[in-house]
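Reading through the structure tokens given below for one structure.
Owing to the predicted nature of the structure, the values given are computational and were not obtained by experimental measurement. Atoms considered below: every heavy atom in the structure, side chains included; atoms not considered: hydrogens, waters and symmetry mates.
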Amino acid sequence: MEIYAGKSADLKEGDRTLVEHKSQQIGVLRAKGAIHAFLNLCPHQGGPVCEGVLVHKPEEIIAEDRTYQGMRFSEDLHLVCPWHGWEFNVETGRCAGDGKHAIRKFDIVEREGEIYVVV
């Protein structure tokens with residue numbers, strides 16, 4: 001089954017929309033040039049994860065001699081739950097802090113300039 005989520009041209013980089021399916025919300029967002037869809041429910045305490053900010057993953061820079069050189073932002077993009085800050089990889093839905101947790105990811109279909117979520 002497919003649920004209509006909007007026109008592809010209306011969803012710019014970093015934008016998101018929420019669609020209803022039965023009693024659940026699904027967040028649809030464009031990040032890194034692709035469209036992603038997730039159940040808007042954080043596994044931590046049920047927060048509206050799809051309403052959180054998108055941030056690049058911070059990582060430490062360690063030199064060959066094992067000395068700390070500072071920090072940088074990686075190419076990995078995370079969706080951050082606004083309730084308690086749990087971060088999820090926007091491509092996989094996996095939790096950055098503990099990979100055994102994830103947000104449910106849905107497939108997306110783009111057809112004739114329109115976006116559909118496969119449920």
Side-chain angles (χ1 to χ4, degrees):
M1 170 187 249
E2 296 177 351
I3 299 170
Y4 178 74
K7 295 193 177 295
S8 185
D10 293 341
L11 194 67
K12 308 294 184 211
E13 184 70 21
D15 285 350
R16 69 200 72 198
T17 188
L18 296 172
V19 294
E20 300 286 332
H21 174 63
K22 297 185 180 176
S23 63
Q24 300 177 326
Q25 283 187 330
I26 298 170
V28 180
L29 59 106
R30 188 182 300 271
K32 296 179 77 171
I35 298 174
H36 308 275
F38 299 101
L39 183 62
N40 191 24
L41 186 70
C42 181
H44 175 229
Q45 289 188 343
V49 66
C50 295
E51 296 175 33
V53 297
L54 290 169
V55 298
H56 285 275
K57 174 186 165 190
E59 58 186 16
E60 295 179 331
I61 304 168
I62 308 295
E64 287 185 27
D65 66 356
R66 301 267 189 212
T67 58
Y68 177 76
Q69 302 296 307
M71 296 190 77
R72 66 177 170 229
F73 290 103
S74 75
E75 291 298 312
D76 290 343
L77 194 59
H78 290 174
L79 182 58
V80 182
C81 180
W83 280 13
H84 301 108
W86 276 37
E87 296 184 25
F88 300 90
N89 182 295
V90 78
E91 294 178 28
T92 66
R94 287 254 159 259
C95 181
D98 185 347
K100 72 180 179 184
H101 297 287
I103 49 178
R104 182 174 174 201
K105 187 171 177 72
F106 294 90
D107 289 332
I108 291 288
V109 173
E110 282 189 83
R111 187 171 48 250
E112 298 177 5
E114 296 183 328
I115 303 166
Y116 297 89
V117 179
V118 180
V119 294

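- The aromatic rings of His44 and Trp86 lie parallel to each other, their planes meeting at an angle below 30°, with 60° marking the opposite boundary.
- The nearest pair of heavy atoms linking Gly33 to Glu13 is N-OE1, 3.0 Å.
- Taking every heavy atom of both residues into account, Asp15 and Asp10 meet most closely at OD2-O, 3.9 Å.
- Contact between Glu87 and Val80 at its shortest, heavy atoms only, is CG-CG2, 3.7 Å.
- Open room surrounds CE on Met1; 12 or fewer heavy atoms of other groups in view lie less than 6.0 Å from it.
- Distance check, rounded to the nearest 0.5 Å: CD of Glu64 to CD of Gln69 gives 10.5 Å.
- In terms of heavy atoms, Gly46 sits closest to Trp83 at C-CZ3, 3.9 Å.
- Taking CD1 of Ile61 as the reference point, atom OG1 of Thr67 lies at 11.0 Å (rounded to 0.5 Å).
- The shortest side-chain heavy-atom distance between Ile62 and Tyr68 falls under the 4.5 Å cut-off.
- Within the 3.5 Å criterion, the main-chain N or O of Val55 finds no donor-acceptor partner in the side chain of His78.
- At a threshold of 4.5 Å between side-chain heavy atoms, the hydrophobic network of Ile, Leu, Val, Met, Phe, Trp and Tyr places Ile35 and Tyr116 in two separate groups.
- Interatomic distance, CG of Leu77 versus CD of Glu91, reported as 8.0 Å (0.5 Å rounding).
- No path of Ile, Leu, Val, Met, Phe, Trp and Tyr side chains, each step under 4.5 Å between heavy atoms, connects Phe38 with Val28, placing them in separate hydrophobic clusters.
- Tracing side-chain contacts under 4.5 Å through hydrophobic residues (I, L, V, M, F, W, Y), one never reaches Val119 starting from Ile103; they form parts of separate clusters.
- Under a hydrophobic clustering in which Ile, Leu, Val, Met, Phe, Trp and Tyr are joined whenever their side-chain heavy atoms come within less than 4.5 Å, directly or via other members, Phe106 and Leu29 fall into different clusters.
- Checked by atom type and distance alone, the side chain of Arg94 pairs as donor or acceptor with a backbone atom of Gly99 at under 3.5 Å.
- Using a 4.5 Å cut-off on side-chain heavy atoms (C-beta onward), Gln25 and Glu20 make contact.
- Panel note: side chain Asn89, backbone Thr92; a donor-acceptor pair is recorded below 3.5 Å.
- Atom CD of Glu2 and atom NE2 of His21 lie 12.0 Å apart (nearest 0.5 Å).
- Taken to the nearest 0.5 Å, the CE atom of Met71 stands 5.0 Å off from the CD atom of Glu60.
- Using a 4.5 Å heavy-atom threshold, the side chains of Val49 and Asn40 count as touching.
- Remark: Glu75 CD is loosely packed, at most 12 non-hydrogen atoms of other residues, nucleotides or ligands lying under 6.0 Å away.
- Closest approach of Ala102 to Pro43, counting heavy atoms only: O-CG, 3.6 Å.
- Rounded to the nearest 0.5 angstrom, Leu41 CG and Arg104 CZ are separated by 11.0 Å.
- Between Arg30 and Lys12, every side-chain heavy-atom pair lies at or beyond the 4.5 Å cut-off.
- Side-chain contact between Arg16 and Leu54: present, with at least one pair of heavy atoms (C-beta onward) separated by less than 4.5 Å.
- Residue Leu39 is grouped with residue Val19 when hydrophobic side chains (ILVMFWY) are merged at heavy-atom distances under 4.5 angstrom, including chains of intermediate members.
- For the residue pair Ala31 and His36, the shortest heavy atom distance occurs at O-NE2, 3.3 Å.
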